[in-house]
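Here's the structure, in structure tokens; my notes come after.
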Number of protein chains: 2
Amino acid sequence: MVTHAELMNISAGWIRVLNIMNELESSPRDFGTGDLLHCSEIHTLMVIGKNPDVNVTNLATLLGISKSAISQMITRLARKGLVERYKCPENEKETKLCLTPRGTIAFLGHEQHHAIIFTRMQEKLGIMTTEQYEFLIRVFHAIEETAKEFKDSQG
Amino acid sequence: MVTHAELMNISAGWIRVLNIMNELESSPRDFGTGDLLHCSEIHTLMVIGKNPDVNVTNLATLLGISKSAISQMITRLARKGLVERYKCPENEKETKLCLTPRGTIAFLGHEQHHAIIFTRMQEKLGIMTTEQYEFLIRVFHAIEETAKEFKDSQG
DNA sequence: TTATATTGTTAAACTGCTTAACAATATTGG
DNA sequence: CCAATATTGTTAAGCAGTTTAACAATATAA
């Protein structure tokens, strides 16, 4: 059983973690193409890479932001030569999206980057037991659900 | 011992948690004063509340943002009547900061808000053993340290 | 006492989002 | 079949929150 002070420790630790993740995401990064890509840009590339030939509306839904925001983001990524807009012959109104070869390089670079981060984290953490794994998943769920409640209640 | 798929699960869960926290923080909230305060605003109030009579430069350091950003933020919070700038008699160049009574209400409202969130999370999580507590703290540390490494290496 | 450092403010620019207005294309209902 | 409606995407304007650069005022050091 855990003391109040220890619970406060968790709360403080959690806030520190959120802050540092925020900081980490605030500076752009090169994923192997020579471009410095902001977090939201590489995130968009990832979703396009994992959902080939997605259209603007679906991409907006997948990313949880407005179509307008996507449209602007795609214009930026297309200007950098990482993404291409195209039309299917059977449909004149949809704009579909795909990665260019350079976009694919960034996509793979980012996957690798994630893998490296994750490996390093595992090294620090040591081997995880099944009990620990299950506990961690429960923690994530608890955070998610609590956040959702508060989002609905007063957002 | 945990499988690769389970590790991927953790990674995905972590990203979902970060996304929802981000969403949660994107909409302003009333902490008992009638003002809708954005995340960065209440965060600034918290740091001033916990560091009475802090000056602009130190506040910038504590929050990890530029003095310019603080200056602008303080102007906004002062306009809302939550924070006050003042000068010490012995020093003409420093601007010190304190919460107004209304700022203090928001400060306490936010603390309470955090307490409620944390209680709800505990309810969902159930009673935590000491082993689980220690594991969680280790996870937070691993995340923090890994993030710091990447921040230093290529930021 | 002049040069330098520290402290804070302001202006301009940028990212990344939103809403609103719009244009083009598809679908539907009479 | 065609007019009304829905869907899809783009653009413009605006906001939050940051940065850098230029600046002014004050304090410290040489």
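Just so it is clear: chains get the letters A, B, ... in the order the sequence lines come, proteins before strands, and each one is counted from 1. Just so it is clear, the values below take in all heavy atoms, side chains as well, and ignore hydrogens, waters and symmetry mates.
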**OP:** Answer yes or no: is there a side-chain heavy-atom contact under 4.5 Å between A:Ile42 and A:Arg29?
**Re:** no
Subject >> Side-chain heavy atoms of B:Leu99 within contact of B:Ile105, under 4.5 Å >> reply: no
Original post:
Charged N to carboxylate O under 4.0 angstrom, A:Glu144 versus B:Lys124?
Top reply: no
Original post:
Hey, does B:Ser68 reach any base, or is it just sugar-phosphate, or nothing, if we go heavy atoms under 4.0 Å?
Top reply: base
Original post:
Which parts of residues 70-78 of chain A get close to DNA chain C, meaning a heavy atom less than 4.0 angstrom away?
Top reply: A:Gln72, A:Met73, A:Arg76
Original post:
Are OP1 or OP2 of D:dT19 and a side-chain N or O of B:Ser66 less than 4.0 angstrom apart?
Top reply: yes
**OP:** Verify side chain to side chain contact (heavy atoms under 4.5 Å, CB included) between B:Ile143 and A:Met121, making sure each step is shown before the conclusion.
**Re:** CA-CA 6 Å; B:Ile143 293 171; A:Met121 218 140 83; 3.9 Å; yes
Original post:
Between A:His38 (NE2) and D:dT19 (C1'), how many Å, whole number?
Top reply: 11 Å
Subject >> Steps toward salt bridge (Lys or Arg N to Asp or Glu O under 4.0 Å) verdict (B:Arg120, A:Glu145) >> reply: CA-CA 10 Å; B:Arg120 292 239 197 130; A:Glu145 277 169 40; over 6 Å; no
Subject >> side chain to side chain contact (heavy atoms under 4.5 Å, CB included) assessment of A:Asn91 paired with A:Lys87 >> reply: CA-CA 7 Å; A:Asn91 185 330; A:Lys87 299 276 186 185; over 6 Å; no
Subject >> d(CG, B:Leu59; C1', D:dG17) in whole Å >> reply: 15 Å
Original post:
DNA chain C: B:Asn55 or A:Cys39, which has the more 5' nearest nucleotide?
Top reply: B:Asn55
Original post:
Quick one: are B:Tyr133 and A:Asn9 in side-chain contact, heavy atoms under 4.5 Å?
Top reply: yes
Original post:
To the nearest Å, how far apart are B:Lys87 NZ and D:dT26 C1'?
Top reply: 9 Å
Subject >> Rounded distance (Å) that lies between atom C1' of D:dT20 and atom CD1 of B:Ile65 >> reply: 14 Å
Original post:
5' to 3' on DNA chain C, which nucleotides open and close the contacts with chain B (atom under 4.0 Å from a heavy atom)?
Top reply: C:dT6 to C:dA11
Subject >> Electrostatic pair B:Glu84:B:Arg102 at N-O distance under 4.0 angstrom >> reply: no
**OP:** Please assess A:Arg85 against A:Glu94 for the test salt bridge (Lys or Arg N to Asp or Glu O under 4.0 Å), listing each intermediate value before the final yes or no.
**Re:** CA-CA 10 Å; A:Arg85 288 179 160 104; A:Glu94 279 179 73; over 6 Å; no
Subject >> Whole-Å distance separating the CG atom of B:Leu37 from the P atom of D:dC15 >> reply: 19 Å
**OP:** Specify the separation, in whole Å, of atom CD of B:Glu41 and atom P of D:dT18.
**Re:** 10 Å
